[in-house]
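Worksheet for the structure shown next.
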Amino acid sequence: MFERRIRFKDDDGSKFPEWEQKKLISCCNGFDNLRQPITANLRRKGKYPYYGANGIQDYVDDYIFDGEYILLAEDGGHFDEFASKPIAQFISGRVWVNNHAHIIQAKQGYNNKYIFYCLEHKDIRKYINGSSRAKLNQEDMWDIPIPVPCLYEQEKIADFITAIDCSINDNVRQLETLQDLKTSLLQQLFI
C-alpha cells in the first residue's frame, strides 16, 4: 500500500480507493518487435519524426506507428540523470521508432499519460544492465513497479500534469518570441 501526501478526490469529494503497486507488464503492451532502425545514410527525408532513446533523431518519409505510445529508453538513456532528464517520452501521431527505445502502450483500464508520467523521471537504475553501455532489457523493463490508482484517479492526475506541461510549453514559446524580438530590436537599433 502507498501513502501519498497528495491525493485527488472524486468529483463528489470522496476519496478514491488506495493505490496498488503493479509491474509494468500488467499495465502495458509492448511493441518492440515492430521497431526498425534505419542508418543515417539510408534515411529518406520526410515529415515523420524518427525517434531514438532520447527524442527525435531525424525526420523520415514513412512511419511504422500511428497512435499514442510511451517510449522508454533501452540504451543510451539518461538513467543516471533521471531526476533532471527524462528517461521516457510520450509520442503521438505517425512516427518511426528505432531500436534504442522500448515501445509500450497502456492496456485497457490504464491511462497512457499516467503511466508515462510514472516513468518519465523514475529511478530504474537497479533494472539496468551492461558494463560498457547502460541497457534496459525488455525482461527487466516488465518488472518495473509503478503505483496504480483507479482509472478515474489516473485520468485526473494525467490531466492535471498535462495542463502544467502545456503551460510550460506556452511559456517557453513566449520566452523564445521575446528573445527573438529583443535580438531583432538590438540589431535594428545598433547597426
Side-chain angles (χ1 to χ4, degrees), residues 1-35 49 51-56 63-74 77-95 97 100-128 136-172:
M1 188 174 314
F2 292 94
E3 261 192 62
R4 299 283 176 226
R5 286 183 275 187
I6 299 174
R7 289 292 306 268
F8 286 76
K9 292 189 177 178
D10 204 340
D11 294 338
D12 65 4
S14 63
K15 291 182 179 182
F16 285 112
E18 293 300 317
W19 294 18
E20 299 177 55
Q21 180 169 310
K22 295 187 178 184
K23 291 183 178 183
L24 212 50
I25 195 165
S26 66
C27 307
C28 295
N29 293 310
F31 300 93
D32 285 2
N33 60 318
L34 301 176
R35 301 179 299 184
Y51 281 92
N54 299 309
I56 297 172
Y63 63 93
I64 54 177
F65 295 96
D66 186 3
E68 291 186 347
Y69 297 90
I70 302 160
L71 302 184
L72 185 57
E74 179 175 355
H78 303 295
F79 303 120
D80 289 329
E81 302 167 282
F82 68 92
S84 61
K85 293 183 178 179
I87 63 164
Q89 307 164 67
F90 187 84
I91 63 169
S92 64
R94 295 175 174 173
V95 301
V97 181
H100 295 286
H102 294 292
I103 305 158
I104 60 176
Q105 188 178 57
K107 291 180 179 179
Q108 188 170 353
Y110 299 92
N111 182 285
N112 226 20
K113 272 275 180 110
Y114 172 80
I115 292 173
F116 161 70
Y117 287 125
C118 285
L119 296 171
E120 186 178 21
H121 291 284
K122 187 170 181 65
D123 182 1
I124 62 166
R125 291 177 291 182
K126 73 180 191 176
Y127 299 93
I128 302 301
L136 174 64
N137 67 45
Q138 191 178 71
E139 184 178 335
D140 290 330
M141 175 191 69
W142 291 127
D143 282 338
I144 295 172
I146 60 170
V148 180
C150 70
L151 180 58
Y152 190 53
E153 189 173 6
Q154 290 175 45
E155 291 166 351
K156 287 187 87 146
I157 292 167
D159 290 347
F160 181 77
I161 297 174
T162 298
I164 293 171
D165 276 346
C166 289
S167 181
I168 291 168
N169 291 336
D170 289 346
N171 283 306
V172 167

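- For the pair Asn137 (side chain) and Asp140 (backbone), a donor-acceptor distance under 3.5 Å is present.
- Glu155 places none of its side-chain heavy atoms less than 4.5 Å from the side chain of Tyr114.
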Salt bridge (charged side-chain N to carboxylate O under 4.0 Å, His left out) assessment of Glu68 paired with Lys113: CA-CA 9 Å; Glu68 291 186 347; Lys113 272 275 180 110; over 6 Å; no

Ile144/Leu136 under side chain to side chain contact (heavy atoms under 4.5 Å, CB included): CA gap, chis, key distance, verdict: CA-CA 10 Å; Ile144 295 172; Leu136 174 64; 4.3 Å; yes

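- Side-chain contact check for Ile25 versus Asp143: every heavy-atom pair is 4.5 Å or farther apart.
- Partners of Ser14 according to the side-chain hydrogen bond (donor to acceptor under 3.5 Å, both in side chains) rule, which considers only residues two or more places apart in sequence or in another chain, are Asp12.
- Remark: the backbone N or O of Asn111 is paired with a side-chain donor or acceptor of Gln154 at under 3.5 angstrom.
- Using a 4.5 Å cut-off on side-chain heavy atoms (C-beta onward), Glu120 and Lys85 make no contact.
- Closest approach of Pro17 to Cys150, counting heavy atoms only: CD-SG, 4.1 Å.
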Side chains of residues 156-166: which donor-acceptor pairs under 3.5 Å do they make with residues two or more places apart or in other chains?
residue : atom : partner : partner atom : Å
Lys156  : NZ   : Lys9    : O            : 2.9
Lys156  : NZ   : Asp11   : OD1          : 3.2
Thr162  : OG1  : Tyr117  : OH           : 3.2
Thr162  : OG1  : Ala158  : O            : 2.7
Asp165  : OD2  : Tyr117  : OH           : 2.7

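- Aromatic rings from Tyr69 and Phe31 are positioned such that their centres are separated by under 6.0 Å.
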CA sep, side-chain torsions, deciding dist, call: Phe16, Tyr152, ring pair (Phe, Tyr, Trp, His ring centres under 6.0 Å): CA-CA 9 Å; Phe16 285 112; Tyr152 190 53; 5.8 Å; yes

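- Judged purely by atom type and a 3.5 angstrom limit, His78 has no side-chain atom pairing as donor or acceptor with the backbone of Ala83.
- At distances below 3.5 Å, at least one donor-acceptor pair connects side-chain atoms of Gln89 with backbone N or O atoms of Ala53.
- Contact record, Phe116 with Ala88: CE1-O, 3.5 Å, taken as the closest heavy-atom pair.
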Full working for side chain to side chain contact (heavy atoms under 4.5 Å, CB included) between Ile70 and Ile115: CA-CA 8 Å; Ile70 302 160; Ile115 292 173; 3.7 Å; yes

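- Summarising the local packing, NZ of Lys23 is surrounded by 12 or fewer heavy atoms from other residues, nucleotides or ligands at distances under 6.0 Å.
- Side-chain contact between Arg7 and Glu18: present, with at least one pair of heavy atoms (C-beta onward) separated by less than 4.5 Å.
- We find the CG-CD distance between Asp32 and Glu74 to be 6.5 Å, quoted to the nearest 0.5 Å.
- Asn54 places no side-chain N or O within donor-acceptor distance of the main-chain N or O of Ile87, the cut-off being under 3.5 Å.
- One distance of note links CD1 of Ile91 with CD1 of Ile56; it measures 9.0 Å at 0.5 Å rounding.
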Working for side chain to side chain contact (heavy atoms under 4.5 Å, CB included), residues Ile103 and Leu34: CA-CA 9 Å; Ile103 305 158; Leu34 301 176; 5.8 Å; no

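- To the nearest 0.5 Å, atoms OG (Ser26) and OH (Tyr110) are separated by 5.0 Å.
- Note that NZ of Lys22 is 12.0 Å distant from SG of Cys118, once rounded to the nearest 0.5 Å.
- Side chains of His102 and Gln138 form a contact here, defined as non-hydrogen atoms less than 4.5 Å apart.
- Between the side chain of Arg125 and the main chain of Asp80, no donor-acceptor pair closer than 3.5 Å is present.
- A heavy-atom distance below 4.5 Å is found between the side chains of Tyr127 and Pro145.
- Remark: Lys122 is not positioned above the aromatic ring of Phe82, lacking an NZ or CZ atom under 6.0 angstrom from the ring centre and at most 45 degrees off the axis.
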Gln105 vs Asn112, side chain to side chain donor-acceptor pair (under 3.5 Å): CA-CA, chis, key distance, verdict: CA-CA 6 Å; Gln105 188 178 57; Asn112 226 20; 5.7 Å; no

Verdict with reasoning, Val148 to Trp19, per side chain to side chain contact (heavy atoms under 4.5 Å, CB included): CA-CA 5 Å; Val148 180; Trp19 294 18; over 6 Å; no

